[in-house]
Amino acid sequence: MIKQEQMIVVSQQKIATNIFMLTLKGMLVQEMHQPGQFVHVRVANQMEPLLRRPISICSIDSEASEFKMIYRADGRGTALLSEKKAGDYIDVLGPLGQGFPIEKAASGDKALLVGGGIGVPPLYELSKRLVEKGVEPIHVLGFQSENVVFYEELFNQLGETHIVTADGSYGHKGFVTNVLETMTDDFAVYYSCGPTPMLAAMEKMYPHKEGYLSFEQRMGCGIGACFACVCETTEKMDADYLKVCSDGPVFQSGVIRV
Ligand SMILES: Cc1cc2nc3c(=O)[nH]c(=O)nc-3n(C[C@H](O)[C@H](O)[C@H](O)COP(=O)(O)OP(=O)(O)OC[C@H]3O[C@@H](n4cnc5c(N)ncnc54)[C@H](O)[C@@H]3O)c2cc1C
Ligand code: FES
């Protein structure tokens, strides 16, 4: 069920250049069941900025009623969010959207998880859940450069992890696709989150594989009422448009025109 709650900040940590990890506590966490969903966050207590910011759920700790999000502070709203400290309250709406379907991978299967930049965080909870059900995840994570790489250790603990940087300052040099080209496609399903060109490249690379892609779109309401986040669909679909906030953000490959 979608809830709105004043959640309390447990901690805020800078984990890479301009990248922050925020841990929030509240009853809303009990509603979080699917990796890949997001929350819509009010970044300030005053009227401005009015619009909430969509941020993915990175990891869920139901027992402690806490969850983490990881975000890049580059615009006005996320910069304000990065100023929040332990003990502050943040107005959160969520969990929102359709996340990654973990039931598409069975115990003993391999699953390929491909992330780019701030598209990496939701893959962490996904990977944890896959490992819990006996699926073997393979992570390929792309970043701009070494100073913005995060969570390598944590992904490593869950399974095979390849880090790629665009400038070659850490790990493999290039794009995630450069690494994928060198790997076998011996996996049952792939899941991906990152910039749209990366998602398009994934579809092109694995046309015959089952894949699930998480899209980003500018949002207004976040709950399917304002149509700010519509995306054009392919001829495969009956509807011409789908809403990223409520029909997505995760869609099966081939559904959204990329
Ligand atoms: C489903 C979803 C999940 C996301 N998860 C994450 C995450 O885990 N970590 C993270 O760092 N970022 C994430 N983003 C992107 C994040 O929402 C934007 O970077 C953020 O809204 C920018 O806000 P700003 O105030 O800093 O920038 P500004 O440029 O000041 O924002 C102005 C307006 O544009 C919107 N906007 C700007 N960039 C984007 C964008 N790329 N996508 C959607 N709306 C945008 C803002 O919501 C706001 O309404 C996600 C976006 C979506 C749609
Ligand atoms: S943001 Fe309003 S319908 Fe999606």
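We count ligands from 1, going down the list as the structure has it; atoms in each ligand are counted the same way. Hydrogens, waters and symmetry mates play no part in the numbers below; they use all other heavy atoms, side chains included. Because the structure is predicted, anything quoted here is derived from the model rather than measured.
Atom numbering of ligand 1 starts at 1 in the shown order; those under 4.0 Å from a heavy atom of Leu51 are 49 (O). The Thr78 neighbourhood of ligand 1 comprises atoms 24 (P), 25 (O), 26 (O), with distances under 4.0 Å to a heavy atom of that residue.
Lys104 forms no cation-pi arrangement with Tyr212, by the criterion of a distance under 6.0 Å to the ring centre and an angle within 45° of the ring axis.
An N or O contact shorter than 3.5 Å links Gly77 to ligand 1 by distance. Remark: ligand 1 and Arg218 share an N or O pair separated by less than 3.5 Å (distance only, no angle test). Between Pro121 and ligand 1, not a single N/O pair is under 3.5 Å apart.
Under 3.5 Å, the side chains of His162 and Glu160 contain a donor-acceptor pair of N or O atoms.
By the 4.0 Å heavy-atom criterion, Met69 is excluded from the residues contacting ligand 1.
The only member of Lys68, Gln13, Glu66, Gln12 that meets side chain to side chain donor-acceptor pair (under 3.5 Å) when paired with Thr23 is Lys68.
Using a 4.0 Å cut-off between heavy atoms, Val43 makes no contact with ligand 1 at all.
Using a 4.0 Å cut-off between charged side-chain N and carboxylate O, Arg257 and Glu235 make a salt bridge. Ion pairing between a basic and an acidic side chain is recognised when a charged N comes within 4.0 Å of a carboxylate O; Arg129 and Glu125 show such pairing.
Within the protein, the N, O or S atoms sitting under 2.8 Å from atom 4 (Fe) of ligand 2 are Cys229 SG, Cys245 SG.
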Let's go through Phe227 and Tyr241 carefully: what are the C-alpha distance in whole Å and the side-chain angles of both, what is the deciding distance for ring-ring contact (aromatic ring centres under 6.0 Å, His included) to 0.1 Å, and is it a yes or a no? CA-CA 10 Å; Phe227 290 75; Tyr241 293 96; 9.3 Å; no

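For atom 26 (O) of ligand 1, a protein non-hydrogen atom is found at a distance below 4.0 Å.
Applying the salt bridge (Lys or Arg N to Asp or Glu O under 4.0 Å) rule to Asp238 yields no partners; only residues at least two apart in sequence or on another chain are considered.
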